Protein chains: 2
Amino acid sequence: MTMNKNLLSGSTTMLILKLLDDKDMYGYQMIDELSRRSDDTFSLKAGTLYPLLHNLEEQEMIESYEEYAEGNRIRKYYKITKKGKKLLLEQRNEWNLYAEKINKVLEGGVEFVTI
Amino acid sequence: MTMNKNLLSGSTTMLILKLLDDKDMYGYQMIDELSRRSDDTFSLKAGTLYPLLHNLEEQEMIESYEEYAEGNRIRKYYKITKKGKKLLLEQRNEWNLYAEKINKVLEGGVEFVTI
DNA sequence: ACATCATATATAGATAATCTATATATGTCA
DNA sequence: TGACATATATAGATTATCTATATATGATGT
């Protein structure tokens, strides 16, 4: 990823699952789509994505099928499974909790609030 | 950390700097304070914190001084430096951007919005 | 015709932030 | 006295990302 690579650590799977929850995509398309939707904030590297996709497929979170594009080019499309949708939901809940608590800590140790 | 350890990756430094921006603290206190302020969502491990503090001190983001507590116990207090305050500000900006973009991706590829 | 770049998938090895496990020492409580 | 909380510290394991590299096709420019 661009920006602090560590901040994103652990969110990549969630983002990929979210993309596939919207529609089937092939790897390279996910990289572009993620970049576009995040206003170029997230630019996932191919070397990160492909192993991650293989891993998610092995865990049955996604399924792949091949489709011919122009020429002899074969594209490997991925589709989210029911199990993957469940994981996505869990990860979204976790993300919401995490973001909420980070913001709470950043608000500071305010003991008294004036009204 | 409790929860997904990877989600937090990269935020720990920011959270520690934020705690020290509120007031000087010693290591163990930071663990408790972070746990308290995050409603027990974040429970930083001592094995994570101490090396991180040594690192931040080496980079001159924080400074330490010793103070005697009850008995012969010496506590090592940490204080944020000007350089550390600057880093905190940068990391907060980065966090805000990151959270915003993650949420944008999670909103989905909505092309049209009804009014 | 050929080079170069974008598309597309893939893997090996490096980097870095966290973790677990362990060590040491003091204070408190049963 | 033993167990547990407090307090600091380090070594080694784990894991998610990265960079670098490989392969192959299609499009573009000269």
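Everything quoted here is computed from the prediction, not taken from an experiment. Lettering follows sequence order; numbering is per chain, from 1.
Under 4.0 angstrom from either OP1 or OP2 of D:dT10 there lies at least one side-chain N or O belonging to B:His54. Here B:Lys76 reaches the OP1 or OP2 of D:dA9: one of its side-chain N or O atoms lies under 4.0 Å away. Between A:Thr12 and the phosphate of D:dT17, there is a side-chain N or O to OP1/OP2 separation shorter than 4.0 Å. In this structure, A:Tyr26 does not reach the C:dT9 phosphate: none of its side-chain N or O atoms is under 4.0 Å from OP1 or OP2.
Here the side chains of B:Ile16 and B:Leu44 are in contact, with some heavy-atom distance below 4.5 Å. The closest side-chain heavy-atom distance from A:Arg92 to A:Leu88 is below 4.5 Å.
The residue B:Leu52 sits close only to the backbone: its heavy atoms come under 4.0 Å of sugar-phosphate atoms, none of a base. B:Leu49 comes within 4.0 angstrom of no nucleic acid atom, judged by non-hydrogen atoms across all strands. If you check every strand for non-hydrogen atoms under 4.0 Å, A:Gly27 touches sugar and phosphate atoms only.
Residues A:Gly47 and B:Gln29 both approach DNA chain D. Their nearest nucleotides, taken by heavy-atom distance, put B:Gln29 toward the 5′ side.
Checking C:dT18, C:dT11, C:dT7 against the side-chain heavy atoms of A:Tyr28 singles out C:dT7 as nearest. The B:Arg73 side chain lies nearest to C:dG27 when the options are C:dA10, C:dG27, C:dT7.
A search for side-chain hydrogen bond (donor to acceptor under 3.5 Å, both in side chains) contacts involving A:Lys85 returns A:Asp21, not counting sequence neighbours. Listed by chain and residue number, nothing satisfies the salt bridge (charged side-chain N to carboxylate O under 4.0 Å, His left out) test with A:Lys76 (two or more places apart in sequence, or in another chain).
For the pair A:Tyr50 OH and D:dT17 P, the computed distance is 16 Å after rounding to whole Å. Between the NZ atom of B:Lys45 and the P atom of D:dA9 there is a distance of 19 Å, given to the nearest Å. Straight-line distance from the CG atom of A:Leu44 to the P atom of D:dA16: 14 Å, rounded to whole Å. One can place CD1 of B:Ile62 at 14 Å from C1' of D:dT8, the figure rounded to the nearest angstrom. B:Leu53 has its CG atom 14 Å from the P atom of C:dA17, to the nearest Å. In this structure, B:Ile31 atom CD1 and C:dT18 atom P are separated by 13 Å, rounded to whole Å. Rounded to whole Å, atom C1' of D:dT17 lies 14 Å from atom CG of A:Leu15. Counting to the nearest Å, the P atom of C:dG27 and the OH atom of B:Tyr68 are 12 Å from each other.
Note: A:Tyr26 and A:Tyr77 have perpendicular aromatic rings, judged against thresholds of 30 and 60 degrees for the angle between ring planes.
Counting distance only, with no hydrogens placed and no angle test, the side-chain atoms of A:Arg75 and the base atoms of C:dT9 include no donor-acceptor pair under 3.5 Å.
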